[in-house]
2 protein chains.
Amino acid sequence: MAVMWQCQEVIPTAAPAGAVRQGSLRELNLALVLGRIAAAPRPPSRAALAAETGLTRATVSAVVEDLVAGRLVTEAEPQPRSGAGRPARGLVLAGDGPAGLGLEVNVDYLAACVVDLAGEVRHHCVHRADLRPVSPADALGRLVRLAAEARAAADAQGLILAGAALGVPGLVDDVGLVRLAPNLGWRDVPVPELLAEHPPLTEVIDGVPALVVDNEANLAALSELHAGAGPGSFLHISGEVGIGAGIVLDNALYRGARGWSGEIGHIPVRPDGPPCRCGGRGCLERYAGQESILAAAGLAGADLPADTAPNRLAELAGAGDATVLHALHEAGVALGVTVSSVINLLDLDTVVLGGGYAPLAPWLRPPMLAEIERRVLTAAWSPVTVRPAVLGATAAAVGAAGSVVRRIIARPVAWLARL
Amino acid sequence: MAVMWQCQEVIPTAAPAGAVRQGSLRELNLALVLGRIAAAPRPPSRAALAAETGLTRATVSAVVEDLVAGRLVTEAEPQPRSGAGRPARGLVLAGDGPAGLGLEVNVDYLAACVVDLAGEVRHHCVHRADLRPVSPADALGRLVRLAAEARAAADAQGLILAGAALGVPGLVDDVGLVRLAPNLGWRDVPVPELLAEHPPLTEVIDGVPALVVDNEANLAALSELHAGAGPGSFLHISGEVGIGAGIVLDNALYRGARGWSGEIGHIPVRPDGPPCRCGGRGCLERYAGQESILAAAGLAGADLPADTAPNRLAELAGAGDATVLHALHEAGVALGVTVSSVINLLDLDTVVLGGGYAPLAPWLRPPMLAEIERRVLTAAWSPVTVRPAVLGATAAAVGAAGSVVRRIIARPVAWLARL
DNA sequence: CCATTTAATTCAACCACTGAACAAATAGCG
DNA sequence: CGCTATTTGTTCAGTGGTTGAATTAAATGG
């Protein structure tokens, strides 16, 4: 069994860097048309797609025929139309075609979900447990059981799982090794090997590995790209126990030379500040990490589970607790300083507060905006938006599943060839 | 005369986002083959190109025929071969085809140069003068005279100018307006309008404007990408009077949502540090800007021209001047702190010291590496390289000219259609 | 001098898109 | 109710560009 491990989701750019044969022509147009169907606000007709893409109606018909045959697209009920003419048959992404399996291992929960082509979450299941004392092999074993449940749920709904993606709160290298997941206590964990005993996740479908491992913050950012306020460039900050960021540039996740981009938690806020366990001093995590906020809020000993702490903080802040308000203000200032650097560097216009920061956005936002206003050179010409993420704690798992279906939409040929 | 102004060089991605007709097929393969010829270390044969790209030899021959007819490629002398078989005819980029005109306006000089398809600098001319007291219209007038000289030189060598690019040390928006060039004293200067009286620069060749305006740091980074140590992702820091950075990700310049990326000079090193004229506090420019280094080195009153100051500092440092050494060390530490943030964020493996920093690299490098070692989370697994730029002060102008020819190589159809 | 080897060209076949004509399905109007 | 206008979708000959195999070209080596 030749298992090829690919780490980290890569949405193939529709255009191959290599030779362009005539088959590529159809390949590119399949991707083009399917992409438009996916992006359209309402089911488009073949004629509308032709007008939109510049292809002829004849070609669009041929392409759509392929997509329908491959169960990627179905015809919607003819919708009430105004004006004369033969009524259009609307095209929608199939609700019973391929789907993506999204998995997540985090500090205090496991999650699995199934997302269909249209991006709808068709199954979702969370298993709460503190995973720090659990061995990696054990944790992954539990995850496989969750995945089996999800697979059964997908089958029951007529969906075909086309791949899976796993989000981990740490650095993942390009052979599937989790180099370091500090808050989980993992170091050099070979996820592929540990999962190798579980066949459902280790198949290779047409050259694409059945499972892809990626950083959790990256996947959360992807979910915001697809489910959230849509296209553009933005920074998605995940405030979990650690602080991670996903960088979306021009509708694509930027991963860096080795896939380790977005390690925002250890950007120095005050280079001479208190030492951080990373070895540096005055890192952002020392000011805006969950533990630091809790300590500053006087809740250090409260021993709250990591996933309820943000809501507890929001509750107290809403009630006007001065210590908590001050702690959040300080965290917001630190975040603002860091984010200003990022914006000066990358010229982004949007910052999304995700993970644990989402419920705290009302209190983090004002000090962040104040710092940005002061420190970002171009703020005068174009304002920067800071907003909470639309998806909550489930973002990473949903983003993982979404990355699977987005890969199909970006390169439908791979799926069609599988049949 | 319909002059379309496009600001900022954009290398077209060979694959159009729109419809893919059969003509696109040839278009893509022209770009593919020409790109391989440009990237090859020695003149490749048609057969080698076929093997490399996956196209058939028949197709490669047809494509090459088009390229030769369009004066983009010529056949090199048959080189001595080993082994049996018909000798290959090597293909090289034409030395008498299209060329790019590169222009630069900086604080104390103007520059123009001509670069051919192969990236060779075929003409170069610098005009030294302090341009701060000169009006923008006047400065651009002088630049046009320099450009005319360059055009004559290109003609004399049988080159055809296919476009021009202008580098400016400031923020350029997408209609050609220089929003702010602080060290030049420019604000809201409409470069296109001021150049409109000079026909040679305002033609539109086949939909592509004859002149493109861009930030100088971006163009310097591009020159490093093409002339320097080649492909990859890196941060190019230009230490002129201000500090700018060009970000190259996956062999492409990243420009940001509005083209204002790389404003690294105002990233805070110490958020409570001395106030900066940008309105923030403790910005990098306050520690590693040319004026700050000179002040720390005790040369504040020396009134050195901006372009000789770095060499003077290098001279003194080489002679062991303790004050200068200390000043450079402090600047290096500040640069190291900032660069660490950038690397944590973007996961780059290379930092290039360009502009005025290039001659100072021997002294800046050690403290930078020390900070990176300490603050970059992933430094343990993969080392970060810090090196001086290969091109000196001429980098921006050469990069500008190079961007013109790179655009032709990336999409040769535009040039071929022009005939 | 001829077999071997590699390079490049020629040519019929084929694939996918184009453009125009045609069929289908509706609304509006007398 | 029937006719026209209108828009959607399909059919089909035509075309551009690639493929693959055969052919020609130009060298080496025994």
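Throughout, a chain's letter reflects where its sequence line sits, starting with A, and its residues are numbered from 1. Below, all heavy atoms of this structure are taken into account, side chains as well, without hydrogens, waters or symmetry copies.
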Under 4.0 Å, counting only non-hydrogen atoms across every strand here, what does R26(B) touch: a base, just sugar-phosphate, or nothing?
sugar-phosphate

Kindly say if R89(A) contacts the phosphate of dA25(C), meaning a side-chain N or O under 4.0 Å from OP1 or OP2.
no

Between dT19(D) atom C1' and Q22(A) atom CD, what is the distance in whole Å?
6 Å

Check every strand shown and say whether T59(A) touches a base, only sugar-phosphate, or nothing at a heavy-atom separation below 4.0 Å.
base

If only atom types and distance count, is the side chain of S223(A) paired as donor or acceptor with the main-chain N or O of V398(A) below 3.5 Å?
no

Are R21(A) and L25(B) close enough, and set up right, to give a side chain to side chain contact (heavy atoms under 4.5 Å, CB included), and what steps lead you there?
CA-CA 7 Å; R21(A) 15 181 51 72; L25(B) 233 167; over 6 Å; no

5'-most contact on DNA chain D: R21(A) or R46(A), nearest heavy atom basis?
R46(A)

Report yes or no: does T59(A) contribute a side-chain atom to a donor-acceptor pair with the main-chain N or O of L55(A) at less than 3.5 Å?
no

Check the phosphate of dT10(D) against S61(A), side-chain N and O only, distance under 4.0 Å to OP1 or OP2. Yes or no?
yes

Before giving the answer on side chain to side chain contact (heavy atoms under 4.5 Å, CB included), spell out for L32(A) and L28(A) the whole-Å C-alpha distance, their side-chain angles and the decisive distance to 0.1 Å.
CA-CA 6 Å; L32(A) 176 67; L28(A) 292 167; over 6 Å; no

Remember a base hit wins even if backbone is also touched, and classify A47(A) as base, sugar-phosphate or nothing at under 4.0 Å, heavy atoms.
sugar-phosphate

Give R57(A) one of three labels, base, sugar-phosphate or nothing, depending on what nucleic acid heavy atoms sit under 4.0 Å from its own.
base

Phosphate-side-chain proximity, S45(A) and dT7(D), N/O vs OP1/OP2 below 4.0 Å
no

Has N29(B) got a side-chain N or O lying under 4.0 Å from the OP1 or OP2 atom of dT18(D)?
yes

Considering only heavy atoms and no angle criterion, is a donor-acceptor pair shorter than 3.5 Å present between the side chain of R86(A) and the base of dT7(D)?
no

